[in-house]
Protein chains: 2
Amino acid sequence: MALENQELRKAGLKITLPRVKIYQILERAGEGEHFSAEDIYKMLMETGEDVGLATVYRVLTQFEAAGLVARHHFEGGHSVFELARDEHHDHVVCVKCGKVREFVDPTLTVRLDEIADELGFTVTDRTLYLYGVCRDGCEES
Amino acid sequence: MALENQELRKAGLKITLPRVKIYQILERAGEGEHFSAEDIYKMLMETGEDVGLATVYRVLTQFEAAGLVARHHFEGGHSVFELARDEHHDHVVCVKCGKVREFVDPTLTVRLDEIADELGFTVTDRTLYLYGVCRDGCEES
DNA sequence: TTATCAGATGCGAAAGGTTTTTATTAGTGT
DNA sequence: ACACTAATAAAAACCTTTCGCATCTGATAA
């Protein structure tokens, strides 16, 4: 049995075609690649799957509740999704084209721990988004 | 002439009642207090001002473009605004007692600019929240 | 295997926050 | 004050996300 089916079962979700297909798309995403519900919907259309946009949203919300994916909220009220991973990463968001990239920087974690320490805090988690514009290849979608 | 009028002029914006009123509301906000467009709209209603919600959004967007206010995007797709202060500040949040403290660290900005630069981005703004616990004097709310 | 049924889906319509459009009104420089 | 231009209110448009409901599907039992 495929890996994604085990994940779905573990989450108490029935194995259905939309769920499997959506999980596979998320699995195929490269490191740091984030998809919007619309992105996923379009990919499903392209491969001829008959899955509604509402279902994509429903499934992603269920995956999120089950801890399978992480949802990130952005400007304009739209979200992107990625398979949940262990390693902490932060995000860069282009305010022009909406592209999201992530990065990992251990020295940042060290510095932030220092700063918090000076304030008498012990950090357990963080949310960091850098907003800006990509210098090249930034096209309005 | 009032201070806010000078700010508006400097930004190349005409002095209009909605702009002055909205600016005053933002000025009255305490440090670290954030308002949504809806909040501001309601406050205007309460004082009997006849300003439409669309105008609030338009004015806030203009203020943002002029660098007068900072916009923060929150989960759920709505934004909040605050008067722009000179130096960027980040937040530390205690997940136990809910206390929020601000900190300023220029070296952090430098480092984040470097990171973004390597990714081909130019940073214009950021959102950084450190979640953790305060080591002392932390009381459950 | 087949029947059964809770749960999932697709479609269309609606919600919620934000932006644009359009006709009208109000600042501003002269 | 006058003319010119920008700004406004109100409504409608927009866009992502959610809901309602009839239909369909997958898991379990017979």
Side-chain angles (χ1 to χ4, degrees), chain A residues 1-2 4-23 34-42 44-45 47-66 68-69 71-81 93 95-100 140-141, chain B residues 1-2 4-23 34-42 44-45 48-66 68-69 71-81:
Chain A
M1 172 172 311
E4 60 267 15
N5 291 18
Q6 296 180 38
E7 292 291 342
L8 293 179
R9 266 188 216 295
K10 216 170 8 178
L13 298 168
K14 273 194 194 171
I15 314 301
T16 65
L17 193 141
R19 287 177 182 158
V20 172
K21 290 293 173 191
I22 291 171
Y23 194 94
H34 300 59
F35 295 136
S36 67
E38 186 79 30
D39 291 336
I40 292 171
Y41 175 67
K42 280 181 188 153
L44 290 168
M45 293 285 95
T47 56
E49 305 299 335
D50 185 23
V51 174
L53 183 55
T55 298
V56 175
Y57 278 105
R58 262 187 308 235
V59 168
L60 288 171
T61 302
Q62 290 159 344
F63 283 6
E64 185 190 13
L68 294 177
V69 312
R71 176 197 298 240
H72 303 284
H73 298 271
F74 289 120
E75 183 175 356
H78 63 331
S79 310
V80 294
F81 301 82
V93 184
V95 298
K96 232 165 121 191
C97 67
K99 202 191 314 179
V100 177
E140 314 276 346
S141 57
Chain B
M1 172 172 307
E4 60 266 16
N5 291 19
Q6 295 180 39
E7 291 293 339
L8 293 178
R9 264 188 218 295
K10 213 168 15 175
L13 298 169
K14 283 189 187 174
I15 314 300
T16 67
L17 194 140
R19 285 177 185 161
V20 172
K21 290 293 173 191
I22 291 171
Y23 194 92
H34 301 55
F35 294 136
S36 67
E38 186 80 30
D39 290 337
I40 293 172
Y41 175 68
K42 280 180 187 155
L44 290 168
M45 294 284 95
E49 305 297 337
D50 186 22
V51 174
L53 182 55
T55 299
V56 174
Y57 278 108
R58 209 173 331 104
V59 169
L60 288 171
T61 302
Q62 289 160 344
F63 282 6
E64 185 190 13
L68 294 177
V69 311
R71 177 196 296 241
H72 302 286
H73 303 281
F74 276 2
E75 316 236 328
H78 40 310
S79 310
V80 294
F81 301 82

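The basis for the numbers below is simple: all heavy atoms, side chains too, and nothing from hydrogens, waters or symmetry mates. Lettering of chains follows the sequences in order, A, B, ..., and the numbering in each one begins at 1. Here the structure is a predicted model, which is why all the values come from computation and not from measurement.
- Spacing between atom CG of A:Leu13 and atom P of C:dA6 amounts to 18 Å, rounded to whole angstrom units.
- For B:Thr61, the side-chain atoms get nearest to C:dT19 when compared with the rest of C:dC11, C:dT19, C:dA8.
- A distance of 7.5 Å separates OG1 of A:Thr16 from CG of A:Leu8, quoted to the nearest 0.5 Å.
- Between C:dT19, C:dA8, C:dG10, one nucleotide has an atom nearer to the side chain of A:Thr55 than all others, and that is C:dG10.
- Between A:His78 atom NE2 and D:dT18 atom P the separation is 14 Å, expressed in whole Å.
- Atom NZ of A:Lys42 is separated from atom CD1 of A:Ile40 by 12.0 Å, given to the nearest 0.5 angstrom.
- With distances taken from any side-chain atom of A:Tyr57 to the nucleotides C:dG17, D:dT8, D:dT16, the minimum falls on D:dT16.
- In terms of the side-chain contact (heavy atoms from CB on, under 4.5 Å) criterion, residue partners of B:Glu64 (sequence neighbours excluded) are, by chain and number, B:Val69, B:Arg71.
- Taking atom CG on A:Leu53 and atom P on D:dT16, their separation rounds to 9 Å, with Å as the unit.
- In this model, the phosphate group of C:dG27 is not approached by any side-chain N or O of B:Arg19 to a distance below 4.0 Å at OP1 or OP2.
- Side-chain atoms of B:Lys14 lie closest to C:dG27 of the nucleotides D:dG26, C:dG27, C:dT18.
- Rounded to whole Å, atom P of D:dC24 lies 23 Å from atom CD1 of A:Ile15.
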Quiz item: Given B:Gln6 and B:Arg9, is the side-chain contact (heavy atoms from CB on, under 4.5 Å) satisfied, shown in steps?
Solution: CA-CA 5 Å; B:Gln6 295 180 39; B:Arg9 264 188 218 295; 5.6 Å; no
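- Considering only side-chain atoms of B:Val59, the nucleotide from C:dC11, D:dA9, D:dT8 that sits closest is D:dT8.
- In this structure, A:Leu44 places its CG atom 12 Å from P of C:dT9, rounding to the nearest Å.
- If you find the closest nucleotide of DNA chain C to B:Leu17 and to B:Ala37, the one lying nearer the 5' end belongs to B:Ala37.
- No side-chain donor from either of B:Arg58 and B:Thr61 sits under 3.5 Å from a side-chain acceptor of the other.
- Spacing between atom CG of B:Asp39 and atom C1' of C:dG17 amounts to 13 Å, rounded to whole angstrom units.
- For the pair A:Glu38 CD and D:dT18 C1', the computed distance is 15 Å after rounding to whole Å.
- A donor and an acceptor atom sit less than 3.5 Å apart, one in the side chain of B:Arg58 and one in the base of D:dA9.
- For the pair B:Asp50 CG and D:dT8 C1', the computed distance is 10 Å after rounding to whole Å.
- Taking 4.0 angstrom as the limit, A:Ser79 places a side-chain polar atom (N or O) nearer than this to OP1 or OP2 of D:dT17.
- The residue A:Ser36 sits apart from the nucleic acid: no heavy atom pair falls under 4.0 Å.
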